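Labels below follow one simple rule: chain letters A, B, ... track the order of the sequence lines, proteins then strands, and each chain is numbered from 1. Keep in mind that this is a model prediction, so the values were computed, not measured.
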There are 2 protein chains.
Amino acid sequence: MKKYLAISKDIREKIFNKTYKQGMKLPYEYELCEEYKCNKQTMKKALEILVSEGLIIRRRGAGTFVKNTVNTEGTPELTYGHYIKGFTKHFTSLGEVETKVLQFNVIPSDRETADKLKIKKGDFVYCIERVRKVNGIPHVIELMYMPISVITNLRQEDVEGSIYTYIEDELGKKIQGSNQLIKAYPSNEHDQSNLGLEKNEPIVEVEKTAYLTTGVPFEYSRLRFHYKHFSFYAVVNKM
Amino acid sequence: MKKYLAISKDIREKIFNKTYKQGMKLPYEYELCEEYKCNKQTMKKALEILVSEGLIIRRRGAGTFVKNTVNTEGTPELTYGHYIKGFTKHFTSLGEVETKVLQFNVIPSDRETADKLKIKKGDFVYCIERVRKVNGIPHVIELMYMPISVITNLRQEDVEGSIYTYIEDELGKKIQGSNQLIKAYPSNEHDQSNLGLEKNEPIVEVEKTAYLTTGVPFEYSRLRFHYKHFSFYAVVNKM
DNA sequence: GAGTGGTCTAGACCACATC
DNA sequence: ATGTGGTCTAGACCACTCT
């Protein structure tokens, strides 16, 4: 285990433990270095993680403090947040994940899909449409495109389960991350019937391009969430 | 200017310049160190910024590469994104910002507002409701609460302009950041008449708690955006 | 095996808020 | 003026990818 991750984990726990309470000043950097037997830079890196998570703030000349706004009760991390591991792993803690496959075809890519996936227009892609439910409640309609040259031999049974698990465990490829554009729209009839929405109720669309550690894009998708099952929590630190 | 910011700025420009093109390998770390006459750690910090912006990826044993998904044409940064500087500064490049004040009162805080602002229920807060327009087009209805003990002597003319400018320039206080929860909802009649929405069109609500560098919360607000004028771009890197 | 980037240390000096 | 956290350097060693 990397030292800076171990340290940040320990201090994070102390914040949730209320060993370090809201608004409280943490020991000075050099004291923490002694406590954890590490160098200044390592401690800095550990604390930077907690800053980016919105748990602490650091002020030159003053010290390091637990933020007043920390929610030490239930973590609000049921939110969309860092959804990179895929739907299954993200929601599996909440209940039973079910998948209904609406479409599973191989088609020639159109201009936009080809652009996003950095392939040639007309190159074949999987076109997958699925409804994902948690405890029987529909959360999202996923419309995904994946190049058959990258994600090889995808089968119906993989599509009914976790595609990300297939990519990582079966194909042995590593996922790097994704770019996501989040917007809201009025729902259409397709959304309404599949997600159980009223006519005036909206969806939140996430347009997502995901790629492997090699830099190769492997997924372009449009995820249409029931508005009640989408929230995004962001911590914004100035500069 | 900090060295690592200067370096990351220069390399960022080279990516947008196409001096470094999509998918291209950057020089090795030690070569970049020589080029910019800096230490390994400083270069690492500079490149980390570009990683977090989604412009490059680094792979141990392989090298540093410009991402294939970089949009080197128009920056998509008209998005909500890092909206910390406040609406005025964020949108001022897009056109003329107008503000219509619907409410400007001092009221006793309710339980929820007091909790968020870490004050006692009943402590007085400014209650401000404004419609913000860009080039005459309404973008958002802002409903804001600020403790009168923190944001002192706010006047009608400040509320008609930029409150953030008042806080920083007149009061000389520094803004640290904010926590934001983003969700979509069907619009109500108030939204429809003020934002020019049809009955079936939604809004995106941002629930925001902002605080000063001292850790003191100074703003709790609910921003209701016209759905066409809200988008959020996120780069998610695994782990 | 060669060559990448990642982690960690030790120490000098700087910028900033107020102990 | 003091004492915080921030930046920068120099160098050792480790982990991973690609032949």
Within residues 44-61 of chain A, the residues having a heavy atom closer than 4.0 Å to DNA chain D are A:K44, A:R58, A:R59, A:R60, A:G61
For A:K174 and D:dC18, what is the distance between atoms NZ and C1' respectively, to the nearest whole Å?
-> 13 Å
Under a 4.0 Å heavy-atom criterion, DNA chain C is touched by chain A from C:dT7 to C:dC19
Is A:T64 near enough to D:dG5 that one of its side-chain N or O atoms lies under 4.0 angstrom from OP1 or OP2?
-> yes
Salt-bridged, B:E168 to B:K173, with N to O below 4.0 Å?
-> no
B:T213 vs A:K40, nearer the 5' end of DNA chain C by closest nucleotide = A:K40
Expected list for residues 149-161 of chain B: side-chain donor-acceptor pairs under 3.5 angstrom, two or more places apart:
from	atom 1	to	atom 2	distance (Å)
B:Q156	NE2	B:E160	OE2	3.2
B:D158	OD2	B:R155	N	3.0

Which residues share a ring pair (Phe, Tyr, Trp, His ring centres under 6.0 Å) with B:F124, sequence neighbours left out | none
Measure across B:C127 and B:L143 and return the closest heavy-atom pair with its distance rounded to 0.1 Å.
-> SG-CD1, 4.3 Å
Please work out which residues in residues 25-34 of chain B have a non-hydrogen atom less than 4.0 Å from an atom of DNA chain D and list them by number.
-> none
For A:Y126, ring pair (Phe, Tyr, Trp, His ring centres under 6.0 Å) partners two or more places apart | A:F104
Would you call B:K44-B:E29 a salt bridge at under 4.0 Å N-O?
-> yes
SB check A:E205 A:R222 (cutoff 4.0 Å) | yes
